[in-house]
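Along the sequence shown, residues are numbered consecutively beginning with 1. Keep in mind that the numbers below use all heavy atoms, side chains included, and drop hydrogens, waters and symmetry copies. Numbering of ligands and ligand atoms starts at 1, following listing order. In this text, all values refer to a predicted model and were calculated from it rather than measured experimentally.
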Amino acid sequence: MKILVIGGGGREHAMVWKLAQSASVEKVWCAPGNGGIAKDAECVPLDVKDVKAAADLAARLGVDLTIVGPEMPLVLGIADEFERRGLRLLGPGEKAAQLEGSKVFSKRFMQGHDIPTAGVYGVYLEALEAYTALDSVDWPLVIKADGLCAGKGVLVTSSADEATEFVERAMVKGEFGEAGSRVMFEEALVGEELSYIILTDGTNFIRMAPARDHKRAFDNDEGPNTGGMGVYSIDEILPAALEKTIIETIVRPTLDGLRADGMAYRGFLYFGLMLTEDGPKVLEYNCRLGDPETEAVLPRADFDLAKACMQAAQGDLSGIEVKWRPGAGVCVVIASKGYPGDPQTGVEIRGLEDAAKVPGAVVFHAGTRGSGSTCYTNGGRVLVVSAMGEDLASARRVAYEAVGKIKIEGAHYRKDIGAKAAKG
Ligand code: AMP
Ligand code: GLY
């Protein structure tokens, strides 16, 4: 199989790294990739928002399968473009990708198919309406910008001042662009979060190892929401009874609902769940693998990922067997100074070679440029350091030992990824 992976972050690095290990894979390209990915795949320039150029590229390379990493090209209709051109791609079409592309669309979908989720106070197109609505909500309140904001368009707050400021940033100052022109207020759910990710052909599905992200920027879940600062994956966070409930009340109704609404879905589907006292509820859908969930989960995969992706893209996942290595996977994100606000880029990254020498650790590149001995920061999330271990404590030790070797001026990372769960 010849495979093209679209994207150029830590998730795509982990995907390429895993796919390249498969006996059924002859060659992997990544577009646009990055300096780190270039060690595991041939990188080709691409603007991921240009879905026509992506199709041209896949046709020119003669690939058997294109796998899309990030949400943006999916929301822009890359799957539809490939289908028109008779090119095989794994990922949902434009309409189904709205499950991630619009919080209002996904809320209406869930409400329409009785899928448990947070209640809604309202959806607002005018800042004035939103300010007024703040007088009649319960606190804490969750405010969501409707469109894609790389994980930064959500505020959970008990402060009316903070809520007002967020509405102003989204709807008056236009900080999220078009994505913030419509906002939704919803009920705050309480519980532990769980990232439950499946690969589906629309009917059959296999699931990824369960994972837990750390969304806040700083230790002890302080600071603003980010795209994710680190993840651990252990089977203990998904007892069999809980999984049964998730499948019966959330996964099946979602797949049935997609089919009923005329949306064929072939690809990864991510359920961001809150495990509440009243059972699991959906916080969000993502139409792709999680980032950084992928970097903690794929190292645990003990099956042919390329084959599973191909079969899902062909519409028949039945018969695929998945096996996950026991123990733990963990990953820690090293972020630029200023992230998730305005990240400082162009800073030299030192210590990559020393980190790579730590047994059991793998360093995935997210926002980097350059390669070899000189590599520079090129985004908010710079590197994702991943490790496996026989238990969470040993995986954490390895990951943090490797993190300690990397030097980037001003960078920050959380020191408590998986800490609570490791203590038991
Ligand atoms: P989302 O992009 O919708 O997943 O939101 C990002 C993060 O905000 C989630 O991972 C949660 O940590 C938090 N969040 C979103 N919706 C809610 C909610 N209804 N109640 C509590 N926290 C939420
Ligand atoms: N880590 C959360 C996400 O991928 O959206």
Side-chain angles (χ1 to χ4, degrees), residues 7 9-12 14-15 68-72 74-75 97 99-107 109-110 115-121 137-158 163 166 170 176 179-180 183-197 208 210-217 221-233 268-278 280-298 331-333 335 340 364 366 380-381 384 414 417:
R11 166 186 46 216
E12 289 75 31
M15 290 164 80
V68 185
E71 59 278 16
M72 186 60 88
L74 292 164
V75 169
L99 282 186
E100 173 163 7
S102 164
K103 307 266 188 210
V104 175
F105 176 93
S106 74
K107 186 65 73 178
F109 175 86
M110 287 185 263
I115 294 159
T117 183
V120 176
Y121 296 109
V137 296
D138 291 334
W139 303 86
L141 172 71
V142 182
I143 308 184
K144 294 185 172 180
D146 184 42
L148 293 180
C149 298
K152 291 162 233 163
V154 175
L155 176 75
V156 185
T157 185
S158 290
F166 188 83
F176 308 123
V183 302
M184 179 167 72
F185 288 0
E186 73 176 37
E187 164 205 14
L189 299 176
V190 180
E192 290 244 61
E193 290 185 44
L194 179 74
S195 304
Y196 190 91
I197 307 174
M208 305 295 116
R212 183 161 286 146
D213 193 4
H214 297 62
K215 287 271 166 69
R216 301 297 189 112
D221 291 329
E222 284 170 15
N225 264 329
T226 69
M229 292 298 291
V231 165
Y232 66 93
S233 169
F268 293 99
L269 179 55
Y270 169 130
F271 302 82
L273 305 177
M274 188 70 93
L275 307 178
T276 76
E277 275 183 358
D278 304 327
K281 296 189 181 184
V282 180
L283 295 173
E284 65 165 342
Y285 291 111
N286 293 322
C287 56
R288 50 170 175 82
L289 280 168
D291 194 356
E293 280 86 344
T294 306
E295 293 93 308
V297 162
L298 285 190
C331 71
V332 178
V333 172
F364 295 118
R381 293 188 289 181
V384 186
R414 280 184 59 161
I417 303 302

For this session: Give a yes or no on whether the backbone of D291 and the side-chain of T294 come within a donor-acceptor separation of less than 3.5 Å.
Result: no

For this session: Using distance alone, decide if ligand 1 has a nitrogen or oxygen within less than 3.5 Å of any nitrogen or oxygen in A188.
Result: no

For this session: Answer yes or no for M274: is there a heavy-atom contact with ligand 1 below 4.0 Å?
Result: yes

For this session: Kindly say whether G223 contributes a backbone atom to a donor-acceptor pair with the side chain of R216 at under 3.5 angstrom?
Result: yes

Exercise. Going by heavy atoms in the side chains, are C287 and L99 under 4.5 Å from each other?
Worked result: no

Seminar exercise, completed: Per-atom filter on ligand 2: closer than 4.0 angstrom to a heavy atom of E293 are 1 (N), 2 (C), 4 (O)

Seminar exercise, completed: Atoms of ligand 2 under 4.0 Å from any heavy atom of G290, numbered from 1 in the order shown, are 4 (O)

Exercise. Which of the atoms in ligand 2, numbered in the order shown and given with their element, are less than 4.0 Å from a heavy-atom of K215?
Worked result: 2 (C)

Seminar exercise, completed: for atom 17 (C) of ligand 1, nearest protein heavy atom and its distance come out as L283 CD2, 3.4 Å

For this session: May I ask you to decide if R11's main-chain N or O and E295's side chain share a donor-acceptor pair within less than 3.5 Å?
Result: yes

For this session: Would you mind listing which atoms of ligand 1 come within a distance below 4.0 Å of any non-hydrogen atom of E186?
Result: 16 (N), 17 (C), 18 (C), 19 (N)

Exercise. Does even one non-hydrogen atom of G272 get within less than 4.0 Å of ligand 1?
Worked result: no

Problem set entry | CA sep, side-chain torsions, deciding dist, call: F271, Y285, side chain to side chain contact (heavy atoms under 4.5 Å, CB included) | CA-CA 5 Å; F271 302 82; Y285 291 111; 3.5 Å; yes

Exercise. Can any side-chain N or O of K144 pair as donor or acceptor with the backbone N or O of V104 at less than 3.5 Å?
Worked result: no

Exercise. Does an N or O from D213, backbone or side chain, lie closer than 3.5 Å to an N or O of ligand 2?
Worked result: yes

For this session: Report yes if some N/O of G227 lies less than 3.5 Å from some N/O of ligand 2; otherwise report no.
Result: yes

Exercise. Which residue from V231, L289, D291 reaches closest to atom 4 (O) of ligand 2 through any of its heavy atoms?
Worked result: D291

Exercise. Under 4.0 Å from any heavy atom of K215, which atoms of ligand 1 are there?
Worked result: 9 (C), 10 (O)

For this session: Taking only heavy atoms of A118 into account, list the atoms of ligand 1 that are under 4.0 Å away from them.
Result: 19 (N)

For this session: Output yes when K215 and E284 qualify as a salt bridge under the 4.0 Å nitrogen-oxygen rule, no when they do not.
Result: yes

Problem set entry | Side chain, backbone, both or neither: N225 near ligand 1, heavy atoms under 4.0 Å | side chain

Exercise. Who's the nearest protein heavy-atom neighbour of atom 5 (O) of ligand 2, and how far?
Worked result: R288 NH2, 2.9 Å

Exercise. Which pair of non-hydrogen atoms, one from L189 and one from L283, has the smallest distance, and what is that distance?
Worked result: CD1-CD2, 3.9 Å

For this session: For T117 and V282, indicate whether the former's side chain and the latter's backbone hold a donor-acceptor pair under 3.5 Å.
Result: yes

For this session: Answer with yes or no whether K281 contacts ligand 1, where contact means a heavy atom under 4.0 Å from a ligand atom.
Result: no

Problem set entry | Pairing of R414 and D221 as salt bridge, 4.0 angstrom limit | yes

Exercise. Nearest protein heavy atom to atom 20 (N) of ligand 1, by residue and atom, and its distance?
Worked result: L189 N, 2.8 Å

For this session: Could you tell me whether the side chain of D146 and the main chain of K103 form a donor-acceptor pair under 3.5 Å?
Result: yes

Exercise. According to the interplanar angle, ranging from 0 to 90°, do the rings of F166 and F176 count as parallel (below 30°), tilted (30 to 60°) or perpendicular (above 60°)?
Worked result: tilted

For this session: Go through the steps for L148 and V75 under the test side chain to side chain contact (heavy atoms under 4.5 Å, CB included), then give the verdict.
Result: CA-CA 9 Å; L148 293 180; V75 169; 4.0 Å; yes

For this session: Compare L148, V282, L273, V154 and give the one whose heavy atom is closest to atom 5 (O) of ligand 1.
Result: V154

Problem set entry | Check: L298 and M15 side chains under 4.5 Å, non-hydrogen atoms | yes

Problem set entry | Residue portion contacting ligand 1 (non-hydrogen atoms closer than 4.0 Å) for E187 | backbone

Problem set entry | Which residue and heavy atom of the protein sit nearest atom 14 (N) of ligand 1, plus the separation | V156 CG2, 4.1 Å

Exercise. Quick one: does N286 get an N or O within less than 3.5 Å of an N or O on ligand 2?
Worked result: yes

Exercise. Quick one: which of K144, E193, E284 has a heavy atom closest to atom 15 (C) of ligand 1?
Worked result: K144

Problem set entry | Atoms of ligand 2, numbered as shown, that sit under 4.0 Å from any heavy atom of P292 | 1 (N)

